[in-house]
Amino acid sequence: MSEKNSFLKLINKNISEYGYHITVVSSCCTPRYAYSIGLKEMFGFELVFAGGLYFLEKDISKLFEKVVIALKKSLKVENQTVKINNGKAIRFGNVDKSWSKKMLLGVFDYYGIKEINAYQIIPDSSFFTLEIPDMSNTWEVASEPVWKWLDNDKSRPTLLPNSTVVTNISTLFGDYVLEALRCEENLWEMFSIPGPDVKEKDVRVVPLATLVGIDNTLTEILNKQVGKGAWRELENLQWQDWG
């Protein structure tokens, strides 16, 4: 059985058992995102959760489950909020077709359609990380520093396309990286606090391009050799070499 046929079989199985299938997409250059296939039959639209790296990948299926249960009760998304846990909630936003055509490829392939109505799952401010885009706007390279790598134009210059970074969650909320180390050719550590003080639950592994899209001052240190790094103080943000 071909890979595509196996994928279609899995989608059919999940739609039959749960009413929808979730596709999680991880890339070397863009943040992780997830979208549904099959909710079109239930609600007339699909859902996409772009970024949201506060959540671990293992939490995504539970998030979609809670959202679907809530939607089954109300059958609407306008002005709808869904409680997730500990007082946290999500709301829904429109998805411009320029985003859906780049991200929801499995939906188009599965249904053989050219247009799809979709809504974005948007976390409230308490867990809204900066890589989450506003998908109601038209996707454009110039206006999407974090998501510009959705453009598959191979002639476009890339930024260390295979590099990942181990970081702490606060950098995704906007705290400045204050220490950075190039551990391997394509692996970095970048933290907003001393590395030993980072709690395991706060560790995230993300594309280097994601952090640079949030804070382009990181480009100043990307030429470091393996084993070398830099640090800076919050007061002046001037990089100093170390290692």
Side-chain angles (χ1 to χ4, degrees), residues 14 18-27 30-40 42-96 99-100 103-104 117-137 144-147 164-177 190-193 197-207 210-211 213-215:
N14 286 336
Y18 309 110
Y20 61 96
H21 169 84
I22 299 171
T23 292
V24 179
V25 180
S26 296
S27 165
T30 59
R32 179 201 68 213
Y33 64 92
Y35 62 89
S36 65
I37 302 174
L39 290 180
K40 180 176 101 62
M42 195 183 307
F43 303 128
F45 56 80
E46 299 293 350
L47 295 172
V48 56
F49 186 46
L53 297 176
Y54 174 93
F55 287 89
L56 299 174
E57 185 169 330
K58 67 182 180 65
D59 300 322
I60 290 177
S61 60
K62 193 66 176 178
L63 170 65
F64 271 78
E65 180 183 345
K66 290 184 177 182
V67 169
V68 170
I69 289 173
L71 289 176
K72 283 180 178 178
K73 293 178 180 179
S74 66
L75 297 177
K76 64 179 182 179
V77 294
E78 290 78 9
N79 302 315
Q80 164 91 313
T81 59
V82 176
K83 295 292 184 181
I84 301 301
N85 51 39
N86 298 325
K88 293 180 172 61
I90 61 94
R91 60 185 176 85
F92 302 96
N94 293 318
V95 175
D96 186 83
W99 288 89
S100 61
M103 299 174 76
L104 277 64
N117 189 23
Y119 288 93
Q120 179 183 7
I121 297 173
I122 306 173
D124 68 26
S125 59
S126 62
F127 59 128
F128 186 98
T129 43
L130 296 182
E131 83 288 350
I132 297 173
D134 182 349
M135 300 177 74
S136 65
N137 295 326
E144 296 295 338
V146 172
W147 292 90
T164 56
V165 56
V166 180
T167 189
N168 55 313
I169 189 67
S170 69
T171 64
L172 300 175
F173 281 104
D175 286 357
Y176 282 105
V177 169
M190 295 184 177
F191 302 114
S192 63
I193 60 176
D197 295 339
V198 177
K199 296 178 181 178
E200 184 177 355
K201 67 181 181 63
D202 294 330
V203 173
R204 297 293 186 275
V205 180
V206 303
T210 295
L211 275 195
I214 293 173
D215 177 11

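From a predicted model like this one, the values you see are computed outputs, not experimental measurements.
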Sequence-distant partners of Y119, ring-ring contact (aromatic ring centres under 6.0 Å, His included), two or more places apart
F45
If the condition is ring-ring contact (aromatic ring centres under 6.0 Å, His included), which residues does Y33 pass it with, not counting sequence neighbours?
none
Can you name the nearest heavy-atom pair linking [X] to [Y], along with the distance?
X    : Y    : result
S192 : N168 : OG-ND2, 2.7 Å
I60  : A34  : CG2-CB, 3.8 Å
G52  : E131 : N-OE2, 2.8 Å
S26  : R32  : OG-CG, 3.9 Å
A70  : V82  : CB-CG2, 3.6 Å
V68  : F43  : O-CZ, 4.0 Å

Counting distance only, does the side-chain N/O of S136 pair as donor-acceptor with the main-chain N or O of N94 below 3.5 Å?
no
E46 (side chain) donor-acceptor with K40 (main chain) under 3.5 angstrom
yes
Kindly indicate, with the supporting measurements, whether the criterion side chain to side chain contact (heavy atoms under 4.5 Å, CB included) is fulfilled by M190 and Y176.
CA-CA 10 Å; M190 295 184 177; Y176 282 105; over 6 Å; no
Starting at [atom1] of [X], measure out to [atom2] of [Y] and round the result to the nearest 0.5 Å.
X    : Y    : atom1 : atom2 : answer
D59  : Y54  : CG    : OH    : 9.0 Å
I84  : L63  : CD1   : CG    : 5.0 Å
I214 : T210 : CD1   : OG1   : 7.0 Å
K201 : L56  : NZ    : CG    : 11.0 Å
T167 : L53  : OG1   : CG    : 10.5 Å
F55  : K88  : CZ    : NZ    : 8.5 Å

Is any side-chain heavy atom of [Y] closer than 4.5 Å to one of [X]?
X    : Y    : answer
I121 : F64  : yes
Q80  : L71  : yes
Y35  : Q120 : no
V48  : S100 : no
R204 : T171 : no
F127 : I90  : yes
V165 : V206 : yes

Hey, mind stepping through D134 and W99 against side chain to side chain contact (heavy atoms under 4.5 Å, CB included) and telling me if it holds?
CA-CA 10 Å; D134 182 349; W99 288 89; over 6 Å; no
Checking E57 now: which residues fulfil salt bridge (charged side-chain N to carboxylate O under 4.0 Å, His left out) with it, not counting sequence neighbours?
none
Report the C-alpha distance between V205 and V166 in whole Å, list the side-chain angles of each, state the deciding distance to 0.1 Å, and finish with yes or no for side chain to side chain contact (heavy atoms under 4.5 Å, CB included).
CA-CA 5 Å; V205 180; V166 180; 4.2 Å; yes
